[in-house]
Structures are given as C-alpha cells and as structure tokens.
Amino acid sequence: MTSASPRPRVRFAPSPTGFLHVGGARTALFNWLYARKFGGDFLLRIEDTDRQRSTDESTRAIFQGLEWLGLTWDEEVVHQGANLAQHQRDAQQLLDVGAAYRDFTPLAEIERLRNDAESRGLAFRFDRRMALISATEEADKLAHGEPYAIRFKVPEGSTEWNDLVHERIVFPNADIEDFVVLRSDGTPVYNMAVVSDDIAMRITTVMRGDDHISNTPKQILLYRALGAEVPQFAHVPMIHGPDGKKLSKRHGATAVGDYQYQGLLPGAMLNFLALLGWSPGDDTEVMTMDELIAKFDVHGLQKKAGIFDTKKLEWMNGQHLAKISLEELEPFVTPAFERAGLATAAELHARHDWYFGLLELLRVRARTTDEIATLAAHFFRDSVEYDPEAMGKQWRDVAATADILQATRDRLASLPLWDAHAMEDALRKLAEEREISGGKIFQPLRVALTGLTVSPGIFDVLLYVGRERSLGRLDAAVAYLSQDAGA
RNA sequence: GGCGGUAUCGUCUAGGGGACUAGGACACAGCCCUCUCAAGGCUGGAACACGGGUUCGAAUCCCGUUACCGCUACCA
C-alpha cells in the first residue's frame, strides 16, 4: 500500500454539466481542507469529455462557485478533454504490456446480446473468448482498418485497498468484467481518463463521492498495469434530500449559486457543509476557516449519507452573521442593500459609522444578508407604511394613541440632546406621570416609526432614524390618526 | 439478479467493550431576560434497525436478516 506523502496533491474533478452542486462543493471543501492542512496542493480538473452534456457556461459556474466559497486551486485548471492523446497513449501502453486486448466485436452485436440477456432476466457479462482471434486474423482486421475497442484484461484474484474513511474494501476480480478502456472511436472511457489524468497530475490522494467505490477496483487495476503508484482513496458519503433520496433540483436549491443569491455567507455555507459528513470529534460547531483547517481530519469523516437540512444552514448563517467582524460582513451586505434599492454603496460609505452601527443592530436579528436589507428598509425610506395588523394591535384606541404619540413627540422634541439615555428617561417619566407601563408608550411609538410591531430596541430606532425624521414620523402618525378619528 | 457500501433522537452528530440513566447541535415546546423581535440562558420530549453470537460485561467486536444507497455501459 502507498504511504502518505508529506505533501499531498488532491483534486476536485467535476463534470461541467450544470452548476456547482452543494455535494460537489462539499467534496471540494474536504479536498481543499486536506491540502491546506498538510501544506499540499489542491487541483481542479474539469471532466469535459462528455461533449454532449458539457458546456462552457457550466465550467464558468463551477469556477464562480468555488471562487465565491474561497476554495481556490493551486495550479492551472486541467481540462480533461485536452488530454485525449495522453489517454490514448496510456490505453496503447496497456495493449503493449499485454494488460489489454483489442475487441473487434461490433458494438451492435454487444448491444444485441445484452438486450437478449436482459429480456430473459439475466445479466449480460462480456466473455473474453468473444474477442479471441488468431494473430493473423487480427493483423488482417487491422490492415482492413476494422474498428475495435480496447478492453482491459482483468486478472485473477481480488483487488483491495485501505480506504481512508471505509478502511478495508475488497472486490473479487471475478465480479469485474473486462471493461472497455478505449472506445472504437478512439475516445477513452471514464475510468481510463481519470486514472490517466490522476497519474499525470501526480495525485496522491483521491477524495471523492462514495458512488465511486465500485469504480475503484477497476482504477487500481489500471494504475498497476500502467506501472504507476496507486494513490490513497477516501470515499466520502453523498448528500441526500429530506426524503432520503439523492439531492436533486426537486428538493429546492441545490446549486451553490442559489445560496449566494439568497444572501448566505460563504463562511457559513462552508462551515455547514463541513459538518455534514464530518465532525471535529468534540462539540464545536461554529468555526472559521482557520479553525476548520486546524481541526480537519479524515478520521472524522462519516460513512453514512447525510440529509441536507436548510434549517440548520440558516441557523449557521445567522451565527456567522452575528460573529464575524463588520468589516468582513460589509462586502456581503452592501450589495443586498443596493439590490433592495435602499442606497448605493457610495452613500453607505459616506455614512460609515451610522451604517456600521445599523448593521450591528440588525445582524443579530437576521439569518441572511438579504434579511438584513429587509429589516433596514424603514431606516432609509422617507415615509412609513403602517402594517394593518400593527395598527390593529397597538393603535386600537385612536384618540388615546394620537394623544400619547403627541405627548411622546413633545417630550422628545424638547430634549436638548438626541441621546438614548435622555430619551429613555423622558419617556419613562411620561409613562410614570400617566400611570401606564413603558410598553404602552414604546409600542405605539414603534408603529409610528417603523410601521411594524417588531424592530430593534426603540431607542436605537430613534437614534438611527434620526431626530428630524423621527419627529416627522410622529407628526405624520398623529395626523393620520386624527384624520382617521374625524372620518 | 450479482457485487459493493451504510445503519445512534425527525435532522446533523459524539461514542471506537465497563465512565451510557447514551452527550452536544438544529428543529419543536415551556420558562427566564425584556419596550417588541431576535440573540442569549434554563428546562422538556425525542435514538443505539432486528435477530443471533463472542464476553463477567456490547451502541461499540463477529455472523445473519431487513431497509436504504451506489455500481453493474464502447455514460460520467
């Protein structure tokens, strides 16, 4: 078995047939963490040999997704499609060393036999003898340019490896048929291309989804036949939807980009993904990237598929939202403010202290950056829209409310300084004089200032809405109520 | 069908023979805090798939069963 190299080289090898999937992102993350942890290299290979399904748009989406997550790769991206000649050379080498043979059986014939067997409920298995022909016959077919596939000659015995997450896995070779490595049109089959590329890229540890476990014995056989060192393998579990089936579009958002668009923080996404299928062994959950790197260990990898729980993702995002520095947070929130049409980045920067103070107020109450923008709306708008439910609840007695709001306005207006403590003292005193609870003043006031029954602390709202606008909103509320009473 | 993988609260997980009356987190419920909402704190319900072994002793080791997932292509 191979020994762990001091400088591991790992890779993430997605097919560009769609957006970056959360499952792929997690596989990339584990590889990335492993590389960072041991000072190795994290490489990216785009497996674009399937011309039908591969698109440049998907390739760009994968780059974009990885960049957003901060999962940067160390060397130039490898495009598998560009390595055709190398794949063919390796397939030819298999032929040269006698590890593979030419199969002139027409593809149509194989398909016919397979369909036959299947219609009778039997499993079709390619029989090596079908391809057995004499040397002169083969020379003749070659001379006539007859097409042939190259098949790997699976040896006797069994193939086993020590998986980093599953420990020992053994496959009897008798269960593996002589698989094609190079099609009759000269293109390599998946397992051939992967092994050829991983050898060329000098990959030391192959960490991928456990749906590849069954491919692994074939690949190990290929490494050996090619005289290459067999890398270590780590098969990480899949991600399933809430119904236990493989995560797919019908489960909702599965593309990393969807979450970026919803206002998730990449750090939260990564933290959540890391914990789905991996555990540091203790109870720590909310971690920075540096902590993840420090704590990452393949022994903490789970064998069982995990279910994607968006509730916990949201919670995780809320934790990160509240914990990272405002400087780190700002670049993610400002675009949300711009999208919501609240202010431009320039306007926000011009009011830096006010803006950051506002963020501090709102971030603990939100679970996404978009939600912060939503909560911030009434701090920007000129007028307030009264929520009918809020009015129904806090402004029931119209005349009394107008009266208390007027009194509130007068007290606040008479304050020499627009200061939270002074405001609280004044309003609590007003409540005392009227023999009512503070809430009886604060709640109607909240509706007047925000139109809603929920908001940050009322004195913070007063402070951040500002003196002029606060008093203006109170005037507007009193006018609105008086008009209502008159009607 | 064959082969392979997996199996602890609804979900993510800790656990690697005795510290398990099975711990933490999300979600849920209640309480506290409190001007509302969050956040935070406390409390509660909630799991070792089943059956056999091995052992003085098993969630932990072995075997079987069941369920789920994957592979079984000249797809990736």
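The structure displayed is predicted, hence computed values, not measured ones. Each chain gets a letter, A, B and so on, in the order its sequence line appears, and its residues count up from 1.
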Nearest whole angstrom, please: distance from the C1' of B:U72 to the CD1 of A:Ile213. 15 Å
So A:Thr105, base contact, sugar-phosphate only, or nothing? Heavy-atom distance under 4.0 Å. base
In whole Å, I'd like the distance from the CZ atom of A:Phe308 to the C1' atom of B:G10. 17 Å
Given B:A25, B:A39, B:A73, the nucleotide with the shortest approach to the side chain of A:Arg114: B:A73
Inter-nucleotide C1' distance (B:A14, B:C26), Å rounded: 15 Å
Given B:C74, B:A25, B:C68, the nucleotide with the shortest approach to the side chain of A:Trp315: B:A25
Could you give the CZ-to-C1' distance, from A:Phe442 to B:U36, as a whole number of Å? 11 Å
For A:Asp185 and A:Gln302, find the nucleotide of RNA chain B closest to each by heavy atoms; which residue's nucleotide sits nearer the 5' end? A:Gln302
Between B:A67 and B:C62 - P atom distance, rounded Å: 22 Å
What I want to find out is whether A:Asp282 reaches A:Lys295 closely enough, with some N-O distance under 4.0 Å, to be called a salt bridge. yes
Can you find an N or O donor on one side and an acceptor on the other, under 3.5 Å apart, linking the side chain of A:Asp282 with the base of B:A14? no
Looking at B:C69, I'd like to know if its phosphate oxygens (OP1 or OP2) sit under 4.0 Å from a side-chain N or O belonging to A:Lys245. yes
Could you give the distance separating B:A47 and B:G40 at their P atoms, to the nearest angstrom? 26 Å
Any idea which of B:U6, B:C35, B:U11 is nearest the A:Arg446 side chain? B:C35
Where does the angle between the aromatic ring planes of A:His212 and A:Tyr190 fall among parallel (under 30°), tilted (30 to 60°) and perpendicular (over 60°)? parallel
Look at the side chain of A:Trp395 and the backbone N and O of A:Pro444, then say whether any donor-acceptor pair between them is shorter than 3.5 Å. yes
When you compare B:U55 with B:C63, how far apart are their C1' atoms, in angstrom units rounded to a whole number? 16 Å
Look at the side-chain N and O atoms of A:Arg125 and state whether any lies under 4.0 Å from the OP1 or OP2 oxygen of B:U72. no
Expressed as a whole number of angstroms, how long is the span from A:Phe152:CZ to B:U72:C1'? 18 Å
Going by purine N1 to pyrimidine N3 plus the second Watson-Crick contact, or the G-U wobble pair, all under 3.5 Å, which nucleotide sits opposite B:C48? none
Students often get this wrong, so: under 4.0 angstrom with heavy atoms, is A:Phe171 touching a base, only sugar-phosphate, or nothing? sugar-phosphate
Applying the 3.5 Å cut-off to both distances, the Watson-Crick or G-U partner of B:C26 turns out to be B:G10
Given atom CG of A:Asp211 and atom C1' of B:C3, what is their separation to the nearest angstrom? 16 Å
Write down the partner of B:G18 under the Watson-Crick or G-U wobble criteria, each distance required to be under 3.5 Å. B:C56
Sugar-phosphate only, base, or nothing, as touched by A:Gln52 at under 4.0 Å among non-hydrogen atoms: nothing
Taking B:A49 as the reference, what is the distance to B:A7 when you measure between their C1' atoms (whole Å, please)? 7 Å
Complement of B:U72, any strand, by Watson-Crick or G-U distances under 3.5 angstrom: B:G1
Given B:C74, B:U11, B:G70, the nucleotide with the shortest approach to the side chain of A:Asp309: B:U11
Would you measure the distance from the C1' atom in B:U6 across to the matching atom in B:C50 and give it in whole Å? 16 Å
Within the supplied structure, the quantity of interest is the number of heavy atoms (other residues, nucleotides, ligands) at a distance under 6.0 Å from A:Glu385 CD; does it exceed 12? no
Heavy-atom donor-acceptor pair, A:Ser184 side-chain to B:C74 base, under 3.5 Å: yes
Out of B:A76, B:G4, B:C35, minimum distance to the side chain of A:His212 belongs to B:A76
Does the pair A:Asp178/A:Arg151 count as a salt bridge with the N-to-O cut at 4.0 Å? no
Which part of the nucleic acid, if any, lies within reach of A:Ser279 when heavy atoms closer than 4.0 Å are counted: base, sugar-phosphate only, or nothing? sugar-phosphate
Closest-nucleotide ordering on RNA chain B, the 5'-leading residue of A:Ile110 and A:Gly438: A:Gly438
A:Gln262 vs A:Thr368, side-chain hydrogen bond (donor to acceptor under 3.5 Å, both in side chains): CA-CA, chis, key distance, verdict: CA-CA 7 Å; A:Gln262 285 173 25; A:Thr368 64; over 6 Å; no
Paired with B:U36 by Watson-Crick or G-U wobble geometry, both distances under 3.5 Å: which nucleotide is it? none
Among the candidates B:G40, B:U11, B:U13, find the nucleotide nearest to the side-chain atoms of A:Leu276. B:U13
Which nucleotide wins on minimum distance to the side chain of A:Lys312, given the candidates B:U13, B:A76, B:A25? B:A25
Neighbour count >12 (heavy atoms, 6.0 Å) for atom CD, A:Glu291: yes
For A:Leu273 and B:U13, what is the distance between atoms CG and C1' respectively, to the nearest whole Å? 16 Å
Report yes if at least one side-chain N or O of A:Arg428 is closer than 4.0 Å to OP1 or OP2 of B:C35; otherwise report no. yes
Please determine if A:Lys141 forms a cation-pi arrangement with A:Tyr148, meaning its NZ or CZ atom is less than 6.0 Å from the six-membered ring centre and no more than 45° off the ring axis. no
Think A:Arg367 has a side-chain N or O under 4.0 angstrom from the OP1 or OP2 of B:A27? yes
What nucleotide among B:C71, B:C74, B:U36 has an atom nearest to a side-chain atom of A:Ser214? B:C71
Is any side-chain nitrogen or oxygen of A:Lys304 closer than 4.0 Å to OP1 or OP2 of B:C69? no
Given the options A:Gln86, A:Gln80, A:Gln93, A:Ser196 meets side chain to side chain donor-acceptor pair (under 3.5 Å) only with A:Gln86
Using a cut-off of strictly less than 4.0 Å, decide whether A:His235 has a side-chain nitrogen or oxygen near OP1 or OP2 of B:G5. no
In whole Å, I'd like the distance from the CD atom of A:Glu146 to the P atom of B:C74. 19 Å
Starting from P on B:A39, measure out to CG on A:Leu362 and report it in whole angstrom. 14 Å
Looking only at atom P, what distance separates B:C69 and B:A25, rounded to whole Å? 32 Å
If the P atom of B:G10 is compared with that of B:C42, how far apart are they to the nearest Å? 24 Å
